[in-house]
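Written out below as structure tokens is the structure these notes cover.
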Amino acid sequence: MIGQDLLGIEDLERSKIELILETAVHMQEVGSREVKKIPTLRGRTVINLFFESSTRTKASFEIAGKRLSADVVNFSPSSSSLTKAESILDTAKTLDAMDPDCVVVRHKVAGVPQRIAEVLEAPVINAGDGAHEHPTQALLDMLTVSQAKGRIDGLTVAIIGDIAHSRVARSNIYGFSKLGAEVRVAGPPPMIPPAIEQLGVKAYTSLREVLEGADVIMALRIQNERLSGAYFPSVREYSATFGLNRAKLRWANEDAIVMHPGPVNRGVELDHELTDERPSVILDQVRNGVALRMALLYLISGRAPAAVED
Ligand code: ASP
């Protein structure tokens with residue numbers, strides 16, 4: 001994958017997904033060492049180009065790059081020449097002229113990472129574009145599920161909430177389906193895209209029905225920043241109908257796990273208990289995000305495969 005862009009899961013072959021997940025398992029070991037650093041990307045430069053807010057993705061790309069000994073530069077839009085009306089593409093080209101080995105891009109508009117990738121020499125990783133894709137989140141979710149359940153093939157994954165505006169839902173639908181899971185979705189009807197079943201996904205409007213037989217439950221945040229108008233009567237009603245708590249969890253398989261990409265609106269999509277305690281694997285997702293992004297930076301910007309053993 002050296003020099004290749006990672007723009008989405010839709011066009012990523014199953015064999016590449018498996019390679020990334022296997023490489024991430026090696027990277028997890030580095031994170032458990034006393035000195036969490038290997039020289040694999042020494043002399044390489046990674047630029048974090050985040051035009052939209054981020055806690056988990058941005059911090060974990062930075063930590064991932066540093067654990068591989070890359071030089072990581074965090075670009076900050078508010079203190080850049082974007083405030084002097086320099087365009088996004090000119091900004092990206094300017095940074096590209098400094099010869100980075102990888103540029104990580106997040107933007108609120110779908111398609112911006114792809115447009116930037118078209119004009120940049122350096123490979124681009126999409127760190128979330130509008131409601132389109134969030135491939136690194138889906139990959140870390142697949143890593144988390146494969147380790148928590150021992151497999152992905154044959155599992156039933158229920159994704160609940162604002163499916164229409166969620167890039168996490170879209171990338172996970174592609175990813176889990178490619179790896180052989182059955183993916184189902186549920187949420188208020190206006191938040192379920194009419195064409196969703198064309199992706200091989202079954203849509204439900206009842207929480208009880210979507211949970212019956214589910215091995216993995218993924219709750220999503222309402223994407224308020226992407227909504228215009230009302231999609232459900234009130235937050236209280238949303239939480240009563242689609243919010244999860246221990247009582248409702250009994251509708252799912254006994255050993256089901258609970259996931260959330262974060263940030264969680266406590267008491268809306270998940271209650272406090274399910275946010276903090278097993279079977280929630282939310283903090284495993286965060287931890288795995290570092291190893292997964294180390295794997296990607298290594299595969300995209302690294303050199304010989306043996307270097308990971310250093
Ligand atoms: N952090 C995820 C994203 O950037 C999920 C969310 O914000 O709801 O898409």
Side-chain angles (χ1 to χ4, degrees), residues 6-10 48-64 74-75 77 104-114 116 124-145 157-176 183 185-188 190-193 216-228 231-232 235 238-239 242-244 258-271 274-275 280-293 296:
L6 177 75
L7 298 173
I9 303 291
E10 184 177 8
N48 265 340
L49 193 48
F50 280 60
F51 298 99
E52 195 193 51
S53 317
S54 172
T55 298
R56 282 150 277 263
T57 308
K58 189 171 168 192
S60 64
F61 264 113
E62 181 172 356
I63 293 170
N74 285 316
F75 170 85
V104 182
V105 180
R106 169 173 287 194
H107 199 280
K108 66 177 182 191
V109 176
V112 168
Q114 164 143 17
I116 289 178
V124 170
I125 298 179
N126 178 4
D129 62 328
H132 176 225
E133 281 233 37
H134 193 348
T136 64
Q137 177 71 45
L139 288 162
L140 74 87
D141 288 343
M142 290 184 260
L143 176 64
T144 305
V145 171
V157 178
I159 308 182
I160 297 155
D162 185 359
I163 310 297
H165 304 96
S166 170
R167 53 198 181 201
V168 175
R170 195 177 305 266
S171 292
N172 269 315
I173 288 170
Y174 293 130
F176 279 99
V183 183
V185 299
M191 291 185 149
I192 307 284
V216 174
I217 303 162
M218 190 181 294
L220 299 175
R221 184 179 65 87
I222 307 285
Q223 304 287 291
N224 288 311
E225 66 275 33
R226 296 186 232 290
L227 302 188
S228 52
Y231 285 75
F232 46 84
V235 171
Y238 178 89
S239 140
F242 291 104
L244 278 168
V258 174
M259 308 179 75
H260 193 297
V264 177
N265 287 309
R266 288 170 180 259
V268 181
E269 58 266 12
L270 290 179
D271 72 358
L274 277 193
T275 305
S280 158
V281 295
I282 294 172
L283 292 181
D284 297 341
Q285 291 173 265
V286 175
R287 196 168 296 112
N288 288 338
V290 176
L292 190 282
R293 291 174 176 120
L296 278 175

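Both ligands and their constituent atoms are indexed starting at 1 by order of listing. Because the structure is a prediction, the values reported are computed rather than measured.
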Sub-4.0 Å heavy-atom contact, R56 with ligand 1 = no
query = Heavy-atom contact under 4.0 Å between Q137 and ligand 1?
reply = no
Going by the order shown, which atoms of ligand 1 are within less than 4.0 Å of some heavy atom of [X]?
X    : answer
H134 : 3 (C), 4 (O), 9 (O)
Q223 : 6 (C), 8 (O)
R106 : 4 (O)

query = Would you call the rings of Y238 and F232 parallel, tilted or perpendicular if under 30° counts as parallel and over 60° as perpendicular?
reply = tilted
Quick check: closest heavy atoms across [X] and [Y], and the distance to 0.1 Å?
X    : Y    : value
A169 : S166 : N-OG, 2.9 Å
G161 : P188 : O-CD, 4.2 Å
Q223 : R221 : NE2-O, 3.1 Å

query = Counting heavy atoms only, which of G262, P261, S166 is nearest atom 1 (N) of ligand 1?
reply = G262
Report yes or no: do [X] and [Y] form a side-chain donor-acceptor pair below 3.5 Å?
X    : Y    : value
E133 : N126 : no
N288 : T144 : yes
R293 : S60  : yes

note = Only residue of R170, R167, R106 satisfying side-chain hydrogen bond (donor to acceptor under 3.5 Å, both in side chains) with H134 is R106
Quick check: [X] and ligand 1, any N/O pair under 3.5 Å apart?
X    : value
R167 : yes
R226 : no
P263 : no

remark   = Closest to atom 7 (O) of ligand 1 among protein heavy atoms sits R221 NH2, 2.9 Å
message = I need the contact type for V168 against ligand 1. Using non-hydrogen atoms and a strict under-4.0 Å cut-off, is it side chain, backbone, both or neither?
response = side chain
